[in-house]
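Heads up, the thing below is written out as structure tokens.
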Amino acid sequence: MPAQIRENSEVAVIFHEMADMLEIIGENPFRIRAFRRAAQAIENLPEGVGTMLEKGTLARVPGIGSGIMGRVEQILETGDCEDHATLREEVGAGLLEMMRVEGIGPKTVKLVYTELGIQTVDGLEAAARQGHLAGLPRMGEKSQAKIIDAIAAYRRHTGRLLLGEALPQGMAIVEALGQEPAVEQIDLAGSSRRRRETIGDLDVLVGSTQATAVMDRFVALPQVNDVMLRGDTKCSVHLKQGGLQVDLRVVRPECFGAALHYFTGSKMHNIAIRDRGKRRGLRISEYGVFREGTDESIGGRTEEEVFAAVGLPFIPPELRENQGEIEAAEAGTLPRLIEDGDLRGDLHVHTDATDGTAPLEEMAEAGAALGFEYIAITDHSKALAMTQGLDEARLAKQVDLVREVEQRLGEIEILAGIEVDILPTGELDLSVAALRELDWVVASVHSHFKLSEEEQTARIIRAMESGVVDCIGHPTGRVLGQRDPYAVDLDRVIEAAARLGVALELNAFPDRLDLDPPHCRQAREVGVPVVVNTDAHAPGHLALREFGIYTARRGWLEPGDVLNTRPLSAIRAWREPRLPAKPSKKKTKKRKNP
DNA sequence: GCCGTTTTCGGCCCGACTGTTTTCAGTCG
């Protein structure tokens, strides 16, 4: 994992743990919330927390005051802070883990610990099975059975689902439930509407005057496996596929907007908006916007009305993380976020010459069918032997094929390119002279993931310094849920990209989404172009660009920040000044610009 | 612990559902 992300998440974990432990011992809830808020703020920092502490910019981050700052200093110096260590002696790791079981909160943990001496999830399960929990205050047979089920679910299902897996299921439910006549409005809410890279559960919101009919239809959907809970307006189920939890909420149509805003979150964004409302004498809930002390709604049919009530324009869901979007909305400087239709082409596509499944011609046709103006064929290079990567001779043949297919199809421009391996030393897997002849060069790390951060960073920067690299592919190498990013200092990579005129890829494959949104934002701020590519290995993969667009939007990117929103002539003009001079005697025929 | 159009103290977002109660605590989002 890159050092700065590792550092931030390590520091954040300590504050999360403090919040959990303080909850168990029954501390002041606002103090607890402050620790949670600080933890979240640190997780979302654009830079390393240590760097920001040194630069003095950490103090300006909302939620970080002098108390947190002092603890951060301690943590960075010694690896922990005093009161965390003290609490840790009082509250063991087992108690913390118990809180992660659905339905078990701090009060229950404290109860079973003080009454029964239970300190672990295993101990809790044993006590429940032996019927020891049912006798505790405010506990009964049902609670005990629920805890047994919840522990089983906890063991079965720990991780989050990729957006690419969860979103299609969510959309299918919206589609199916939308058929119900009682449904007047319906939309996804929660993190799937904000298009987070991973999803814990799906939230579906319906506007209707007939909640019972809507919920009857919902629980009868063929996708539904079991019903967890059902009330008058709220219902939770598990789906058959992957056991994904779906929460349905039904509200009256006149408060659909307020509810949509509320259930879309994020929590931090909502708190900030409500706080803003409060300062204006307004109470904002999922039922609308109310003047303090009255029940008269002054808005809430649409989200726009909610924002307008606190003096703001509409903020796109992808930005709602309380990461400056409210301030930008206030100042009128919200970005005009990139949309699917802004992309003119895909600059990272594989064929069956290496590890793709389809011939070059089919990939190009698929691109044309999606309305792309251009597509770059970028198969692997020879270092990636398991994919039968191209050597210079095979590459030259492929270039000829590209020219021939382009001529034959006539409906899409095809760039002859490569995804060349960056060797451990930072040298490229093919000669600079051969790469210089290509229309587009993606350079990627596919091996030696365990180099030190210094070596990995130097390796990537050295590759960029060759002058022939147009774009760094999947810059951190992360595979969501499977592989952490390799150790690399992205601050330095972004800085080098700015200096050397190299673009960074936002790989749209749902398990990569690499660059992540904070670094997209950082690239945008220093003028490094981002390229939204699918890395397609089959024709159907080209449609995955939507997930790249979602992530780009979460990274505040406008069309102008993304290289492949530009016409091909502009891309050629962008790369040309950086390319090393060609050997003068061997004059190759240059392609004419369109 | 944080923060300030309520500015250095006194607030801090708001409501649904469940299970165990007979008015509410705990949990979740």
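Lettering follows sequence order; numbering is per chain, from 1.
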Checklist entry - Between dG11(B) and dT6(B), how far is it from one C1' atom to the other, in whole Å? => result 9 Å
Checklist entry - Should dT8(B) form a Watson-Crick or G-U wobble pair with both distances under 3.5 Å, which nucleotide is its partner? => result none
Checklist entry - Is the base of dG29(B) touched by the side chain of D203(A) through a donor-acceptor pair closer than 3.5 angstrom? => result no
Next on the checklist: Could you check whether R193(A) and T264(A), counting side-chain N and O atoms only, form a donor-acceptor pair closer than 3.5 Å?
Outcome noted: yes
Checklist entry - When you measure from the side chain of K142(A), which nucleotide among dT5(B), dC2(B), dT20(B) comes out closest? => result dT20(B)
Item to check | Distance test, side-chain N/O of S143(A) to OP1/OP2 of dT20(B), below 4.0 Å | outcome: yes
Next on the checklist: Whole angstroms only, please: what is the CG-P distance between D275(A) and dC14(B)?
Outcome noted: 10 Å
Checklist entry - side chain to side chain contact (heavy atoms under 4.5 Å, CB included) with R291(A): which residues, sequence neighbours excluded? => result L282(A), T294(A), I298(A)
Checklist entry - If you measure from the C1' atom in dT20(B) to the same atom in dA25(B), how many Å do you get, rounded? => result 9 Å
Next on the checklist: Under 4.0 Å, heavy atoms only, any strand: does R276(A) hit a base, just the sugar-phosphate, or nothing?
Outcome noted: nothing
Checklist entry - Of D83(A) and R274(A), whose nearest nucleotide on DNA chain B comes first from the 5' end? => result D83(A)
Next on the checklist: Counting the atoms with a prime plus P, OP1 and OP2 as sugar-phosphate, which does D232(A) contact under 4.0 Å by heavy atoms, base, sugar-phosphate, or nothing?
Outcome noted: sugar-phosphate
Item to check | Of the listed nucleotides dT27(B), dG1(B), dC3(B), the one nearest the side chain of P62(A) | outcome: dC3(B)
Checklist entry - Of all the choices, dT18(B), dT27(B), dC24(B), which nucleotide is nearest to the side chain of R138(A) once you look at every atom? => result dC24(B)
Checklist entry - Does dA16(B) have OP1 or OP2 sitting under 4.0 Å from an N or O in the side chain of Y287(A)? => result yes
Checklist entry - Could you give the CG-to-P distance, from D247(A) to dC17(B), as a whole number of Å? => result 12 Å
Next on the checklist: Within the supplied structure, the quantity of interest is the number of heavy atoms (other residues, nucleotides, ligands) at a distance under 6.0 Å from R60(A) CZ; does it exceed 12?
Outcome noted: no
Next on the checklist: What contact category does V250(A) fall into here, base, sugar-phosphate, or nothing, at under 4.0 angstrom with non-hydrogen atoms?
Outcome noted: nothing
Checklist entry - Does the side chain of R71(A) get closer than 4.0 angstrom to OP1 or OP2 of dG1(B) through an N or O atom? => result yes
Checklist entry - Which one of I151(A), I118(A), D20(A), T108(A) satisfies the side chain to side chain contact (heavy atoms under 4.5 Å, CB included) criterion with M98(A)? => result I118(A)
Next on the checklist: Rounded to the nearest 0.5 Å, what separates atom CD in Q323(A) from atom CD in Q40(A)?
Outcome noted: 8.5 Å
Next on the checklist: Which nucleotide wins on minimum distance to the side chain of Y262(A), given the candidates dG1(B), dT18(B), dG29(B)?
Outcome noted: dG29(B)
Checklist outcome for this item: Rounded to whole Å, the CG-P distance (L282(A) to dC14(B)) equals 11 Å
Next on the checklist: Using atom C1' in both nucleotides, what's the gap between dT8(B) and dC2(B) to the nearest angstrom?
Outcome noted: 12 Å
Next on the checklist: Mind checking if S66(A) touches a base, just sugar-phosphate, or nothing, with heavy atoms under 4.0 Å?
Outcome noted: sugar-phosphate
Checklist entry - On a whole-Å scale, what distance lies between the P atoms belonging to dC28(B) and dT22(B)? => result 24 Å
Checklist outcome for this item: note: I271(A), atom CD1; dC12(B), atom C1'; distance rounded to Å ~ 9 Å
Checklist entry - From the list dT27(B), dG29(B), dT6(B), which nucleotide is the closest neighbour of the side chain of E102(A)? => result dG29(B)
Checklist entry - E27(A) near the nucleic acid: base, sugar-phosphate alone, or nothing, with a heavy-atom cut-off under 4.0 Å? => result nothing
Checklist entry - Touch check for P29(A), heavy atoms < 4.0 angstrom, all strands: base, sugar-phosphate only, or nothing? => result nothing
Checklist entry - When the distance from CG of L22(A) to P of dC12(B) is rounded to whole Å, what number comes out? => result 21 Å
Checklist entry - With a non-hydrogen cut-off below 4.0 angstrom, is I32(A) in contact with a base, only sugar-phosphate, or nothing? => result nothing
Checklist outcome for this item: Assign each of M228(A) and E286(A) the nucleotide of DNA chain B bearing its closest heavy atom; nearer the 5' end lies the nucleotide of E286(A)
Checklist entry - What nucleic acid atoms does P106(A) come within less than 4.0 Å of, heavy atoms only: base, sugar-phosphate, or nothing? => result sugar-phosphate
Checklist outcome for this item: Sorted by chain and number, sequence neighbours left out, ring-ring contact (aromatic ring centres under 6.0 Å, His included) with F30(A) holds for none
Checklist entry - Base, sugar-phosphate, or nothing: which does R283(A) touch, judged by heavy atoms less than 4.0 Å apart? => result sugar-phosphate
Checklist entry - With rounding to whole Å, what would you report as the distance between dG19(B) and dC12(B) at their P atoms? => result 32 Å
Item to check | Phosphate OP1/OP2 of dG15(B): any T233(A) side-chain N/O under 4.0 Å | outcome: no
Item to check | Whole angstrom value for the distance that separates P of dG26(B) from CG of L136(A) | outcome: 13 Å
Checklist entry - Checking all strands, does F30(A) fall into the base, sugar-phosphate, or nothing category for heavy-atom contacts under 4.0 angstrom? => result base
Next on the checklist: Under 6.0 Å between ring centres: does that hold for H269(A) and H261(A)?
Outcome noted: yes
Next on the checklist: Between K278(A) and dC12(B), is there a contact of a side-chain N or O with OP1 or OP2 at under 4.0 Å?
Outcome noted: yes
Item to check | Candidate pair R554(A) and E321(A), rule salt bridge (Lys or Arg N to Asp or Glu O under 4.0 Å), full reasoning | outcome: CA-CA 9 Å; R554(A) 288 178 57 78; E321(A) 300 290 346; 3.1 Å; yes
Item to check | Integer-rounded Å distance: dG19(B) C1' and R230(A) CZ | outcome: 19 Å
Next on the checklist: Test your reading of the model: is there a side-chain donor-acceptor pair from E97(A) to the backbone of T120(A), 3.5 Å cut-off?
Outcome noted: no
Checklist entry - L248(A) CG to dC17(B) C1': how many Å, rounded? => result 14 Å
Checklist entry - Contact class for I104(A) vs. all strands (heavy atom < 4.0 Å): base, sugar-phosphate, or nothing? => result sugar-phosphate
Checklist outcome for this item: Per atom distances to the K107(A) side chain, the nearest of dC17(B), dG26(B), dG29(B) is dG26(B)
Checklist entry - Say you pick atom C1' in dC17(B) and the same atom in dT21(B); how far apart are they, in whole Å? => result 15 Å
Checklist entry - With a non-hydrogen cut-off below 4.0 angstrom, is K267(A) in contact with a base, only sugar-phosphate, or nothing? => result base
